[in-house]
There are 2 protein chains.
Amino acid sequence: MLRTKRPSINDVARLAGVSKKTVSRIINNEPNVSEKMRRKVQSAIDECSYTPNSQARGLSLSRSFLVSIVYDNPNASYVMEAMYGALDYCRSQGYELIMHPCDFSSPTAIDDLMTFIGQSKIDGVILLQPISDSAELASRLKEAGCNFVRLLSTRCEDEANMIYHNDGIAVNQIVAHLAERGHRQIAHIRGPLNSQSANQRHAEFLLAMEKQSLVVAEHHVVLGDYTFRSGIDSAESLLASNSPPSAIFASNDEMAIGAIVAAQRMGIKIPTGLAVVGFDDSPHASRMWPALTTVNLRVKEMTQLAAQKLIAQCKGNNSAAADVPCEVKPIFIQRQTTDIPSTTPK
Amino acid sequence: MLRTKRPSINDVARLAGVSKKTVSRIINNEPNVSEKMRRKVQSAIDECSYTPNSQARGLSLSRSFLVSIVYDNPNASYVMEAMYGALDYCRSQGYELIMHPCDFSSPTAIDDLMTFIGQSKIDGVILLQPISDSAELASRLKEAGCNFVRLLSTRCEDEANMIYHNDGIAVNQIVAHLAERGHRQIAHIRGPLNSQSANQRHAEFLLAMEKQSLVVAEHHVVLGDYTFRSGIDSAESLLASNSPPSAIFASNDEMAIGAIVAAQRMGIKIPTGLAVVGFDDSPHASRMWPALTTVNLRVKEMTQLAAQKLIAQCKGNNSAAADVPCEVKPIFIQRQTTDIPSTTPK
DNA sequence: CTGAAAGCGCTTACAG
DNA sequence: CTGAAAGCGCTTACAG
């Protein structure tokens, strides 16, 4: 271990011929420092390329400068995108980011999380879907005084603690897009009943169909659980019925891809025999043939905003936290699985 | 912020009626403590559910209890698997894990990394492919006294600092599998020239073909760059030739999937018109139709071993680090893209 | 505007 | 086997 010892605040103070308190003032941008002093200290800092030890800072301030993304979600690309969104902003503010996957179905999940937060001295957490839906977790965090931001699919009252994606807009675009291509029998593979996003997208689907004056056949709404497998099963039952749909809107890409695989196995051509739309824009979606029409949630932008909100909170600046925008509009992405010429050519 | 203050070593000492040094001895499992003392202190620890503050420990020991996974790899599922492998072991040893993506093509990449490691006081790093290939990075780390473990595709001399996957075994299985199904014209889409894994797989492919007494036509080895796009392009050129192959072995799944999309667009049926094999076992591979025959690298197991090696190093136990196994054998996974009945039925 | 003192929660010497 | 002192690199609260 030859790691050369990094300079401390004392080294800088000695070099500049001032007290360490003065150095502390400069590195924290405190007011009431003479310009002359500032320059002198700054040049000493530069000379020995000093950077404050955040461990020591944390110890005095009883903060850790650690924030965490907490989630229970098998979707690797979603999680990575979320991470990338938060990472840069966190680093720029001197915070490090800790990923914390967990099993939220465990009965001790919330207690375990609170223990983790206590032991690691985490300053704040970003909650990804679906655990961000949990009102209980949110209130436990609030009660423990732990800063947090939730990623939600419906607006909640607490603007300082949430970012939400407005799926309604995207679902409307999907239905309009399909209707425009002549589809009247549009089925929906919805996500699980305990998922806010699934419920939200389902509700918006019904509204959008009504807006297009289209009737939703009762057997055309099928319950999935966001897995590939459930997409296969749901599509098989839809396509085997007496009045199969001509288009399927699945509540996520996994199920949409399952639906496509099911159709292909049955010899149904996509998109001529069946149009399919997903939701997520997973990497998969653009790497299959035909490529999947879907919706990009802009997860990266969401967690970037979430990190801004969170760190504002950590700094005790709650009004700044509330001022960070909290709505992100998803983007509809048209690809080949719905690529039939519009019936109303322009 | 109502966060109740956590008990410190002083609280425990007071409660147990001993000095804090004694408490320190117990929590660090030091020898030379009377059994009676140990019990008394332990019950005080339990009573106030004390856990040591690793920030303070780190400050005295000039350690951070932070390790990092450093990588430049767009493959989200690879990175997540790597993370999951390391995470549990790190936590169990009181270390937190920081993900550090970087752009290794930048001319300042190595300097930036060294700065990151210095500033964050990272105790050690796990290097994922392909940046783990860099001998320069390895020597810079060694010189700076930073612990590290590299994930490699070929064995290197330094057993304490590497984990490697033995691709040769898997490539042999692939070629034998294809040969057994009657394929004689087997093409290879190799990865980029600066990638050790690509070079390794290419070399092993040639050896395996020879072992099967199969000739590799020169135009049947095509250079890709591990991207989906290059898989499409490579396959298009292979399939448009006068003597197209009946099977393609691509050096990763991304390119294999590109090859399949290219074939499907040209109206070639998989696997009857063309067999395809990938390498990686990405989530994608099992979610397409037909599903992709590929190789699972057991990334999770590799980073779990890597974490063991790394933390042994961090604790100054270099012989323990060298004792952790450093070879992982990939698993061949047969799916539908090669699903033609064997010509030699048993 | 600047600084000397005390403390954050742990550790490593060093006594006894 | 146990403990009192000093220190890790920062901070806050208080003087001047």
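Lettering follows sequence order; numbering is per chain, from 1.
When all heavy atoms of Ala13(B) and Ser19(B) are compared, the closest pair comes out as CB-C, 3.9 Å. Considering every non-hydrogen atom in both Met99(B) and Arg91(A), the closest pair reads O-NH2, 3.1 Å.
One finds no salt bridge joining Asp11(B) and Arg6(B) here, because no Lys/Arg side-chain nitrogen approaches an Asp/Glu carboxylate oxygen to under 4.0 Å.
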### Message
Can you give me the dot-bracket string for DNA chain C, 5' to 3', counting Watson-Crick and G-U wobble pairs with both distances under 3.5 Å, using [ ] for crossing pairs and | for partners on another strand?
### Response
|||.||||||||.|||
### Message
With side-chain contact (heavy atoms from CB on, under 4.5 Å) as the criterion, how do Tyr95(A) and Leu310(A) come out once you've worked through the C-alpha distance, each side chain's angles and the decisive distance to 0.1 Å?
### Response
CA-CA 11 Å; Tyr95(A) 283 74; Leu310(A) 185 66; over 6 Å; no
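Thr303(A) places a side-chain N or O within donor-acceptor distance of the main-chain N or O of Lys300(A), the cut-off being under 3.5 Å. Formation of a donor-acceptor pair under 3.5 Å by the Ser120(A) side chain with backbone atoms of Ile122(A) is not found in this model.
Tyr71(A) and Tyr84(B) have tilted rings, their planes meeting at an angle from 30° to 60° on a 0 to 90° scale.
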### Query
What does nucleotides 8-16 of chain C look like as a protein-contact string, B for base, S for sugar-phosphate only, - for none, at under 4.0 angstrom between heavy atoms?
BBBBBB---
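Between Glu35(B) atom CD and dT2(D) atom C1' the separation is 16 Å, expressed in whole Å.
Applying the side chain to side chain contact (heavy atoms under 4.5 Å, CB included) rule to Ser34(B) yields the partners Lys36(B), Met37(B); only residues at least two apart in sequence or on another chain are considered.
Between Thr22(A) and dG3(C), a side-chain N or O to OP1/OP2 separation shorter than 4.0 Å is present.
Among the atoms of the strands shown, none is found under 4.0 Å from any heavy atom of Ser62(A).
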